[in-house]
2 protein chains.
Amino acid sequence: MGATRPLPATATESRPARLPTGGAATAAGRVLAVLAAFGPAHPSLTLSEISRRSGLTLTTTHRLVGELRQWGGLERAPDGRYAIGLRLLELGALAPHGLQLRELALPYLDDLHQATRANVHLAVRDGSDGVYVEALRARGAVQVLSRLGGRWPLHATGTGQVLLAFADREVQDELLQAPLKRFTPDTITNVAELRRVLAEVRRTGVAIAENQLTPDALAVAVPVRGERDEVVAALGVTVQRGTVQSHALVPALAATARGISRALGAPSAKPEASNAIRASRTPRSSG
Amino acid sequence: MGATRPLPATATESRPARLPTGGAATAAGRVLAVLAAFGPAHPSLTLSEISRRSGLTLTTTHRLVGELRQWGGLERAPDGRYAIGLRLLELGALAPHGLQLRELALPYLDDLHQATRANVHLAVRDGSDGVYVEALRARGAVQVLSRLGGRWPLHATGTGQVLLAFADREVQDELLQAPLKRFTPDTITNVAELRRVLAEVRRTGVAIAENQLTPDALAVAVPVRGERDEVVAALGVTVQRGTVQSHALVPALAATARGISRALGAPSAKPEASNAIRASRTPRSSG
DNA sequence: CCCCGGGCTTCCACCCGGGGGAAGAGCCGT
DNA sequence: ACGGCTCTTCCCCCGGGTGGAAGCCCGGGG
């Protein structure tokens, strides 16, 4: 409604160059930037912290947080700090490759957990990361790096190596271009070596990762297949290195993965297909 | 392309008329309306379905869905349908009363599950609903109504009755004002009766719900306490009615709840407090 | 005491990004 | 071929969002 506007501000004027983190030029992006301020390292934040981490003005943050809170996406602790609300948990549970998959797989994972007494993971791929859709921790050996919803680069975990090995070529190339982050002295950061490992995983159908993400850890993982025999997830166990031979874990792991794959409708895991492959021990049938 | 259509569709036609569902006057609200279009009954939606369910224009929906997808909050299946993405699972896992609590409680729940072979639930209160933070399903008796992230009115579940019984007065009053939804012929819908039940739950520390949410189901639940002995969650098991005496489940349930409470730092669950358990504690386990 | 520096909340005028109409591209079944 | 459906793109106008500023409440310190 303002009369004539002579000149739009020229580009020479530089904006304060906000948003180092959020990159939220759009309104929807600002909402997401608020949510993205939260993470495993920052599960609860004050208003100003959200503002700083999201790169938004305090005012804007205040309003957005208010709306999110009213909606149930955020909740406010008595001390005034904000945290993720149950509404988002509820939403997240609807992820088809997430908790829906988990729902189906849990009984199998439970059996595997009971049988091996190891940390059990079910992971799916999201971009260049693996996300834990379920993580059953061993009672004694606490390994804090395995949380449901946890996210790690594919090259640094057993399940991730499986997911990467069976991913599309594009996905692999993209990940192999960027530098591979190192977590331990033994983390594979050499592209050529990683390619070799992936080929081996494809050949054997098993990934064996030692000390990749955490020292003194041994991870063994196998693929889980879906309706079209595509790899939809990876099943893995992690134990303290030296306590178990990696080979000893493979049969139970393979059997469990097969059970889940069958439940998912994978052709290669159908009962009649079991003859073609070598006799594999079936998981404990329902009793 | 018939030029311009001079007449807009007449209002007499039954037009969905901007669903109040979303109630999105604000930009942030529109983003949330898109997310809210998803639910247990609608885990995957087409673009137009999202548009209709959220009450947003197709154009707006299109853009918002695009942004959400780019961010990772939504993902698109090969058939073009949209579903919740892993980013939201990741976020939801950060809910302090949600999966953080779950993380700590899972080993205990697992033991209880193994011991009782029943459906095991850990629930927290969100408004007038209980939300399942964990749900371990019994192998045989599939009870589909217990999913992680599931949300049910407090009056209709065992865990809900516990949460309601120990909730603030305001919360109780608010819930007791609205009509109580009926799920089965036995669901408590009478306010006076519910009050009586709640008083009993407070007295005994145990809720016993029969056929409240699903027919032929028996649910037994007890409170889980936090740092200041406040009730932070409810632990419950559900079995087929007639298979087990409700009393038989109480000891294991109470022991498990105590373990979780202790892990949470509840004073009343500290080792030295074990002798001085307060008043009536439902000691009778023999029947 | 007042001042100060945090965090949080509210208010308001400007203005830029978002909204949605409309048109077009696919893609069915008929 | 048609009509009906969904999805995608384009673009102008306007209304809601943005952020500056001021007010509020705390706790600490001079």
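Naming convention: chains lettered A, B, ... in sequence-line order (proteins, then strands); numbering from 1 in each chain.
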[N] [atom2] sits how many Å from [X] [atom1], rounded?
{"X": "A/Leu74", "N": "C/dC8", "atom1": "CG", "atom2": "P", "answer": "14 Å"}
{"X": "B/His62", "N": "C/dG24", "atom1": "NE2", "atom2": "P", "answer": "18 Å"}
{"X": "B/Leu64", "N": "D/dG17", "atom1": "CG", "atom2": "P", "answer": "12 Å"}
{"X": "A/Leu58", "N": "D/dG23", "atom1": "CG", "atom2": "P", "answer": "17 Å"}
{"X": "A/Leu56", "N": "D/dG20", "atom1": "CG", "atom2": "P", "answer": "12 Å"}
{"X": "B/Leu47", "N": "D/dT6", "atom1": "CG", "atom2": "C1'", "answer": "8 Å"}
{"X": "A/Asp79", "N": "D/dC26", "atom1": "CG", "atom2": "P", "answer": "16 Å"}

Please table the atom pairs, donor to acceptor, closer than 3.5 Å between any side-chain atom in residues 36-48 of chain B and protein atoms at least two apart or in another chain.
unit_1  : atom_1 : unit_2  : atom_2 : d
B/His42 : NE2    : B/Arg53 : NH1    : 3.1
B/Ser44 : OG     : B/Arg81 : NE     : 2.9
B/Thr46 : OG1    : B/Glu49 : N      : 3.2

Relative to the 5' end of DNA chain C, which residue comes earlier, A/Tyr82 or B/Glu67, by the nucleotide with the nearest heavy atom?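 Counting from the 5' end, the first nearest nucleotide belongs to A/Tyr82.
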For A/Gly80 and A/Ala28, find the nucleotide of DNA chain C closest to each by heavy atoms; which residue's nucleotide sits nearer the 5' end?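 By nearest-heavy-atom nucleotide position, the 5'-most residue is A/Gly80.
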Please work out whether the ring planes of B/Phe183 and B/His155 are parallel, tilted or perpendicular, with thresholds of 30° and 60°.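 Tilted, since the angle between the ring planes falls between 30° and 60°.
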Evaluate the criterion salt bridge (charged side-chain N to carboxylate O under 4.0 Å, His left out) for residue pair A/Glu67 and B/Arg30; output intermediate values, then yes/no. CA-CA 11 Å; A/Glu67 291 196 58; B/Arg30 282 181 259 265; over 6 Å; no
To the nearest 0.5 Å, how far apart are CG in B/Leu89 and CG in B/Leu94?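 One gets 9.5 Å once the value is rounded to the nearest 0.5 Å.
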Among [options], the nucleotide that comes nearest once only the side chain of [X] is considered:
{"X": "A/Arg52", "options": "D/dG19, C/dG7, D/dG17", "value": "C/dG7"}
{"X": "B/Thr57", "options": "C/dG21, D/dG17, D/dC7", "value": "C/dG21"}
{"X": "A/Arg30", "options": "D/dG17, D/dT6, C/dC8", "value": "D/dG17"}
{"X": "A/Arg63", "options": "D/dT18, C/dG7, C/dG20", "value": "D/dT18"}
{"X": "B/Arg76", "options": "C/dT9, D/dT8, D/dG17", "value": "D/dT8"}

Would you classify B/Arg81 as touching base, sugar-phosphate or nothing, given that sugar-phosphate means primed atoms plus P, OP1 and OP2, and contacts are heavy atoms under 4.0 Å?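 Answer is nothing: B/Arg81 stays at 4.0 Å or more from every strand.
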Just call it for A/Thr59: base, sugar-phosphate, or nothing, with non-hydrogen atoms closer than 4.0 Å on any strand.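 Base contact.
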Looking only at non-hydrogen atoms, find the nearest pair between B/Thr159 and B/Leu235 and report the distance.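 Heavy atoms only, the tightest pair is CG2-C, 4.0 Å.
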Starting from Watson-Crick (N1-N3 plus N6-O4 or O6-N4) and G-U wobble pairs under 3.5 Å, report the runs of at least three that DNA chain D belongs to.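 DNA chain D stems, ordered by first number: C:1-28 with D:3-30.
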Residues that A/Arg225 engages under salt bridge (charged side-chain N to carboxylate O under 4.0 Å, His left out), provided they are two or more places apart: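 Not a single residue meets the salt bridge (charged side-chain N to carboxylate O under 4.0 Å, His left out) criterion with A/Arg225.
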Determine whether more than 12 heavy atoms belonging to other residues, nucleotides or ligands lie under 6.0 Å from atom CD of B/Glu230.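 For B/Glu230, atom CD is crowded (more than 12 foreign heavy atoms under 6.0 Å).
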Does B/Thr60 place a side-chain N or O at less than 4.0 Å from the phosphate oxygens OP1/OP2 of C/dG20?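 For C/dG20, OP1/OP2 do have a side-chain N/O of B/Thr60 under 4.0 Å.
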